[in-house]
Amino acid sequence: MNTSSATTGVQIDLSQSTFVIYICFGIIGVAGNGIVLFVIARVKELRDTTNILIANQSLIDFTSSALLIALFVAPLPPLPRRNQPLARFLCGFWYTQYPFWAMFPASGINLTILTTERYLAVVHPLYYRNRMRPRLAVIISLIPWIFGMLYMGYLPFLTTVRGQLCLQFLWPNDIMQPAVGIATIVIVFLLPFFAMTAMYVQIVKVLRAQDANLSGKRLGAVHQAKDYRNVARKNMIKTTLLLFTSYGICLAPNNIIYLFYCLGGYVDFNGVFYYVTVCVAFISIWTNPFIYTLQYRKFQRGLSVAFGCKRTVSSPHDVSASVLTASEQI
């Protein structure tokens, strides 16, 4: 988390290198995630349950990238002297970068939901086929947004306006600060991390058992279709696993720093080390489109279709185009 004790709204104290990094991250994030959203919206075959959740992940990252530029690069608006409600709103909502930081727990929750969707598809396929529908995925996609905004909702209440200054992180007592730090590292980072790890362990076990079963059968037309379905599943699992790994590596340093601060430790929020952890955390908002492009084969084919290079997302290795297209959804 980024934090400071007081800001005036005239400018953001960033070194030139950090300023350039933030601009580059923001532009790459907006462009990359914008392309992902465009491809999924344009290609009908990508509008299944999994890809709706992937689109939601990209929408969260797209929003984070835009807010990165708006809140960390653009000058903060000055606090009005004669309109205290507006000054209070700007201080609590904008100066704290509240909407930006709300995107990080939202991203973690959406990744957990995406992993759970893959877990149900592989480990409990009958339940998945009977219950999961694209419309349900759209409804579920609202959960990360609501959670992120509610969870980080304490930020505006830790601020006050004095003249032209916005004072931030004014903890009401000595208990709330360490409590928030511990809750953040546990709820936002550790619980999703261990939940996703446990689900991936089960997914790998099931996929290995399926591999052993297929290897003992003669690959006729039906078994070839099953084999291609298994390949598609593995590709999707590898993609989500890379998303999870990237999220964990990028967010861990800054979460640890924030926990240390909330427990009463001294953190130089203008120091080089702190800004390195922030920049590493910000990497997570633009890496996902590269993961989809380099790893996710169905998205690769959809990318070609969206830009007019191909007419269908079906694989050239299909035994039946319709069989594989349907099977990739699970």
Side-chain angles (χ1 to χ4, degrees), residues 1-4 12-33 36 57-58 60-73 96-112 114-115 144 148 151-152 155 169 180-182 184-194 196-197 239-263 265-295:
M1 288 242 357
N2 191 20
T3 184
S4 58
I12 300 175
D13 183 22
L14 291 176
S15 67
Q16 185 175 1
S17 59
T18 305
F19 186 82
V20 172
I21 290 173
Y22 286 4
I23 292 176
C24 292
F25 282 8
I27 292 174
I28 296 172
V30 168
N33 289 291
V36 173
Q57 189 69 38
S58 289
I60 292 171
D61 292 340
F62 179 91
T63 305
S64 299
S65 302
L67 289 172
L68 175 61
I69 296 176
L71 293 172
F72 289 82
V73 176
T96 59
Q97 293 105 21
Y98 159 64
F100 176 83
W101 293 114
M103 294 299 101
F104 279 91
S107 179
I109 293 300
N110 194 74
L111 273 176
T112 305
L114 181 57
T115 302
Y151 184 81
M152 299 306 298
L155 285 177
F169 289 90
V180 168
I182 293 172
T184 298
I185 196 74
V186 172
I187 297 175
V188 176
F189 187 74
L190 291 180
L191 283 180
F193 181 85
F194 286 116
M196 285 187 277
T197 300
T239 303
T240 56
L241 184 57
L242 282 174
L243 298 178
F244 160 64
T245 303
S246 173
Y247 175 82
I249 292 175
C250 292
L251 271 293
N254 194 253
N255 272 275
I256 294 172
I257 287 273
Y258 184 61
L259 175 62
F260 181 70
Y261 160 74
C262 287
L263 292 177
Y266 172 74
V267 176
D268 182 5
F269 291 105
N270 293 314
V272 174
F273 180 73
Y274 171 73
Y275 273 112
V276 168
T277 68
V278 172
C279 288
V280 171
F282 290 175
I283 289 174
S284 66
I285 68 177
W286 57 263
T287 54
N288 290 351
F290 292 95
I291 293 175
Y292 303 142
T293 303
L294 297 175
Q295 174 63 42

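The basis for the numbers below is simple: all heavy atoms, side chains too, and nothing from hydrogens, waters or symmetry mates.
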With [X] via ring-ring contact (aromatic ring centres under 6.0 Å, His included) - residues at least two apart:
X: Y98; answer: F93
X: F25; answer: W286
X: F104; answer: F100, W101

Heavy atoms of A281 and N254 approach each other most closely as CB-CB, 4.3 Å
Tightest non-hydrogen contact, residues S246 and I291, listed as CB-CD1, 4.2 Å
List in chain and number order the residues that pass side-chain contact (heavy atoms from CB on, under 4.5 Å) with [X], two or more places apart in sequence or in another chain; answer none if no residue qualifies.
X: P192; answer: T112, M196
X: F273; answer: I257, T277
X: V30; answer: F62, S65, A66
X: F193; answer: T197, F244

Any idea how Y22 and Y275 line up, ring-wise: parallel (<30°), tilted (30 to 60°), or perpendicular (>60°)? tilted
Rounded at 0.5 Å granularity, tell me how far [atom1] in [X] sits from [atom2] in [Y].
X: S284; Y: I60; atom1: OG; atom2: CD1; answer: 11.0 Å
X: I69; Y: S64; atom1: CD1; atom2: OG; answer: 12.0 Å
X: L190; Y: I182; atom1: CG; atom2: CD1; answer: 11.0 Å
X: Q97; Y: M152; atom1: CD; atom2: CE; answer: 10.5 Å
X: L242; Y: F290; atom1: CG; atom2: CZ; answer: 14.5 Å
X: L68; Y: D61; atom1: CG; atom2: CG; answer: 11.5 Å

The test is side-chain contact (heavy atoms from CB on, under 4.5 Å); show your working for V186 and L191 and say whether it passes. CA-CA 6 Å; V186 172; L191 283 180; 4.0 Å; yes
- Message: Within the 4.5 Å heavy-atom criterion, are I28 and P289 side-chain neighbours or not?
- Response: no
With sequence neighbours excluded, what pairs up with [X] under the side-chain hydrogen bond (donor to acceptor under 3.5 Å, both in side chains) test?
X: T63; value: none
X: N33; value: none
X: S107; value: Q57
X: S17; value: S15

Q.
We want to know whether Y247 and T287 form a side-chain donor-acceptor pair, criterion being a heavy-atom distance below 3.5 angstrom.
A. no
**Report entry** Derivation of the side-chain contact (heavy atoms from CB on, under 4.5 Å) call for D268 and Y274
**Finding:** CA-CA 7 Å; D268 182 5; Y274 171 73; over 6 Å; no
For this session: Give a yes or no on whether the backbone of V180 and the side-chain of T184 come within a donor-acceptor separation of less than 3.5 Å.
Result: yes
**OP:** Carefully, step by step, assess V36 and N288 under the rule side-chain contact (heavy atoms from CB on, under 4.5 Å).
**Re:** CA-CA 9 Å; V36 173; N288 290 351; over 6 Å; no
